[in-house]
Amino acid sequence: VRQTLEKLEYCVQYQESGRSTSSVLTRTARLSIATTTGSAGAALWEALKGGSVEEDEGNNGLTHLAQQMILKGAGGRGAEEIADAIESLGANLRPFSGRDVSGLSLSVVRDRLDEGLAIFRDLVRSPDFPEAALDREKSKLLSDLAALRDNTLHYTMQQFTRALFQ
C-alpha cells in the first residue's frame, strides 16, 4: 500500500482537470480521487482487497480493528490531533471494512485537498497503532459483539449467512 501512494501526485494532477479518476494501483489496492466540474468538493478513497472474508476463527475481526485503529495515531499525530486537523479542513474522514474490502475515505473541499492528502498519506503510510488505544478499541469491539449477540434478528441472520457460505 505504501508504494501505491507514490502515484498519488499523478492522480491529484489528473483530477484537477475537472475529471474523475480511478486508478488500479496494484492487484490488491485501488486509490481513487473523484471530482466533478463545478463542484467545490473532492473525494478520495483507498481500498484494499480483503476483509472479513480473508479472516478465520483465529483472527476474526482483525480487519475491522485495524481500520478503527487508523484514526488513533499516524505520522506522529495522535487521535485528537488527527480529528482536529480534519475538522479544521471541514473534511470527513472514515475508515471502512467489509467482507471483501477495507479502506479509508476522505471528502474535502477541493481548495483544501492538498492538506487533506497530507493527513491521508500519513494515515496510510505511517499508522502508529498506539498500545493504549488498541486496548481500548479491543474492549469496545468486544462489548459491541456482546451487544450484537443479544440482538436476536442480527444474530440469526449472521448464523444463517455463516451456514450458507461454509
Visitor: What distance do Glu87 atom CD and Ile82 atom CD1 have between them, rounded to the nearest 0.5 Å?
Guide: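 Separation between the atoms: 14.0 Å.
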
Visitor: Let's go through His64 and Gln68 carefully: what are the C-alpha distance in whole Å and the side-chain angles of both, what is the deciding distance for side-chain contact (heavy atoms from CB on, under 4.5 Å) to 0.1 Å, and is it a yes or a no?
Guide: CA-CA 6 Å; His64 182 72; Gln68 294 306 306; 3.6 Å; yes

Visitor: Distance check, rounded to the nearest 0.5 Å: Ile119 atom CD1 versus Asp122 atom CG?
Guide: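 It comes to 8.0 Å.
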
Visitor: Check the surroundings of atom CD in Gln158: do more than 12 heavy atoms from other residues, nucleotides or ligands lie under 6.0 Å from it?
Guide: yes

Visitor: Could you go through Ile86 and Val108, starting from their C-alpha distance and side-chain angles, then the distance that decides it, and tell me whether this counts as side-chain contact (heavy atoms from CB on, under 4.5 Å)?
Guide: CA-CA 9 Å; Ile86 291 299; Val108 64; over 6 Å; no

Visitor: Measure the spacing between CG of Asp111 and CG of Leu89 and express it to the nearest 0.5 Å.
Guide: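 Here the rounded value is 11.5 Å.
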
Visitor: With a 6.0 Å cut-off (strictly less than), is the heavy-atom count around OH of Tyr155, excluding the residue itself, greater than 12?
Guide: no

Visitor: Any side-chain heavy-atom pair from Glu54 and Thr63 closer than 4.5 angstrom?
Guide: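 Heavy-atom side-chain distance check fails, nothing below 4.5 Å.
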
Visitor: Looking only at atom types and distance, does a side-chain atom of Thr161 sit under 3.5 Å from a main-chain N or O of Met157, one as donor and one as acceptor?
Guide: yes

Visitor: Leu65 and Lys138: which non-hydrogen atoms are nearest, and at how many Å?
Guide: CD2-CG, 4.1 Å

Visitor: So, taking the atom named NZ in Lys72 and the one named CD in Glu80, what distance separates them when rounded to the nearest 0.5 Å?
Guide: 11.5 Å

Visitor: What are the two closest heavy atoms between Ala74 and Pro127, and how far apart are they?
Guide: CB-CA, 3.8 Å

Visitor: Just verifying a value: how many Å separate Leu104 CG and Ser97 OG, rounded to the nearest 0.5 Å?
Guide: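 Here the rounded value is 11.5 Å.
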
Visitor: Spell out, yes or no, whether Phe129 and Leu141 are grouped together once hydrophobic residues are joined by side-chain heavy atoms under 4.5 Å, including indirect joins.
Guide: yes

Visitor: So does Gly58 get a backbone contact from the side chain of Asp56, meaning a donor-acceptor N/O pair under 3.5 Å?
Guide: yes

Visitor: Where do Gly61 and Glu55 come nearest, in terms of heavy atoms and distance?
Guide: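 Nearest heavy atoms, Gly61 then Glu55: N-OE1, 2.6 Å.
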
Visitor: Atom CG in Asn92, atom OG in Ser105: separation rounded to 0.5 Å?
Guide: 6.5 Å

Visitor: Taking Leu123 as the fixed residue, which of Leu106, Asp128, Leu71 is the one that meets the side-chain contact (heavy atoms from CB on, under 4.5 Å) rule?
Guide: Leu71

